[in-house]
Protein chains: 2
Amino acid sequence: MNYSRQREVILQTLQSNVVHPTAEYLYAILKEKEPNISLATLYRNLNQLAENDIIKKIDGLESSSHFDHNTNEHYHFICERCKKVYDIKDDVAPDVVKKAEQETGFLIKKHDIVFSGLCSDCLKEIKESN
Amino acid sequence: MNYSRQREVILQTLQSNVVHPTAEYLYAILKEKEPNISLATLYRNLNQLAENDIIKKIDGLESSSHFDHNTNEHYHFICERCKKVYDIKDDVAPDVVKKAEQETGFLIKKHDIVFSGLCSDCLKEIKESN
DNA sequence: ATATAAAATAAGAATTGTTATCATTTTTGG
DNA sequence: CCAAAAATGATAACAATTCTTATTTTATAT
């Protein structure tokens, strides 16, 4: 990753400013310091910074929604290699809603935990190919 | 919600078939049973079914990504009324990764919990306006 | 310093996933 | 069986993001 003034400005804006902005919101602020900056540059850099763990991208970890006929409480794992979605039992995070409500005073109506990484099938295949 | 053959087929396909499909994937399968079905009908019904808690929609709970300079472990809450994003401390789900890895045998590299509902400010405003 | 290869840029076109519009058809309750 | 409400298919519109391309900037090795 080479240096660029634009990336510097993006990072500074993100670090010094509002928390959790969307790209659109950031773009509006950035325009003041860097009037010629392109939206593509912003997206390119945000993704790059996130890949290098300098910032964090908050999303569902995937572009399109998935639909699930199992309405019982459970969570999800998306394999970064085969893209399959697996169910994760909800006992991995007991009382998570109650705890979050107590800490914040918010009313929580929904929540989901999305894990990602490598599923056992892919782990196996990777091991075998080495 | 009135009956419709198309909705019936959508629900059956979702319930009998693959878990966690995307709309795109579902559409391809549906075309066989219901060749004239429209993509709009599919989306309309998926959202309707999800609203009535007959199926579940798995996504980041929001359309656009947010970016965060705080790379420490923490979770997020999105207020459905004011759309603000708040941090939630990670102690609401202790050892969640370790537990999920033990249950599944997967390698988990990332995870996030996204809560949604009403933040304290909005709860207050709602109460005051009544 | 200078040439050069690699990386980054701006601008806008293109793509993707999803929702809105609207004229037509289907469902339902009296 | 009829009117009102709901649902449909086709397609336009939309929002968020990524791709393309020609140009500029940065790092590197002389």
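Lettering follows sequence order; numbering is per chain, from 1. Note that the coordinates shown come from a computational prediction; the quantities given were computed from them, not determined experimentally.
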By salt bridge (charged side-chain N to carboxylate O under 4.0 Å, His left out) - contacts of [X] (at least two apart):
X	result
B/Asp121	none
B/Glu24	none
B/Lys56	A/Glu73

Exercise. Hey, what bend do you get for the helix from C/dA1-D/dT30 to C/dG30-D/dC1 if you fit axes on five pairs at each end, rounded to 10°?
Worked result: 40°
Problem set entry | Under 4.0 Å protein heavy-atom contact, by nucleotide of nucleotides 9-20 of chain C - B base, S sugar-phosphate only | BBBB----SBBB
Exercise. Who pairs with A/Ser38 by side-chain contact (heavy atoms from CB on, under 4.5 Å), at least two apart in sequence or on another chain?
Worked result: A/Ala40, A/Thr41
Problem set entry | Residue list, side-chain contact (heavy atoms from CB on, under 4.5 Å) with B/Lys31, at least two apart or on another chain |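 B/Tyr27.
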Only distances under 3.5 Å count here; give the side-chain donor-acceptor pairs of residues 79-94 of chain B to other protein atoms, sequence neighbours excluded, each with its distance to 0.1 Å.
residue: B/Glu80; atom: OE2; partner: A/Lys109; partner atom: NZ; Å: 2.9
residue: B/Arg81; atom: NH2; partner: B/Glu125; partner atom: OE1; Å: 3.4
residue: B/Lys83; atom: NZ; partner: B/Glu80; partner atom: O; Å: 3.3
residue: B/Asp87; atom: OD1; partner: A/His20; partner atom: NE2; Å: 2.8
residue: B/Asp87; atom: OD1; partner: B/His74; partner atom: NE2; Å: 3.2

Determine all donor-acceptor pairs shorter than 3.5 Å in which one atom belongs to a side chain in residues 1-10 of chain B; sequence neighbours excluded.
residue: B/Ser4; atom: OG; partner: B/Arg7; partner atom: N; Å: 3.1
residue: B/Arg5; atom: NE; partner: B/Glu34; partner atom: OE1; Å: 3.3
residue: B/Arg5; atom: NE; partner: B/Glu34; partner atom: OE2; Å: 3.2
residue: B/Arg5; atom: NH2; partner: B/Glu34; partner atom: OE2; Å: 2.6
residue: B/Arg7; atom: NH1; partner: B/Asn45; partner atom: OD1; Å: 2.7
residue: B/Arg7; atom: NH2; partner: B/Asn2; partner atom: O; Å: 2.2

Exercise. How many angstroms lie between atom NZ of A/Lys57 and atom OG of B/Ser65, to the nearest 0.5 angstrom?
Worked result: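 With rounding to 0.5 Å, NZ (A/Lys57) is 4.5 Å from OG (B/Ser65).
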Exercise. Under a single-linkage rule joining Ile, Leu, Val, Met, Phe, Trp and Tyr whose side-chain heavy atoms are separated by less than 4.5 Å, which residues share a cluster with B/Leu123?
Worked result: A/Leu107, B/Leu118, B/Ile126
Check nucleotides 1-5 of chain D against the protein and report each pair of N or O atoms closer than 3.5 Å, with its distance, or say if there are none.
none

Problem set entry | All side-chain hydrogen bond (donor to acceptor under 3.5 Å, both in side chains) counterparts of A/Asn72, not counting sequence neighbours | A/Asn70
Exercise. Rounded to the Å, how far apart are B/Tyr3 OH and D/dA7 C1'?
Worked result: 12 Å
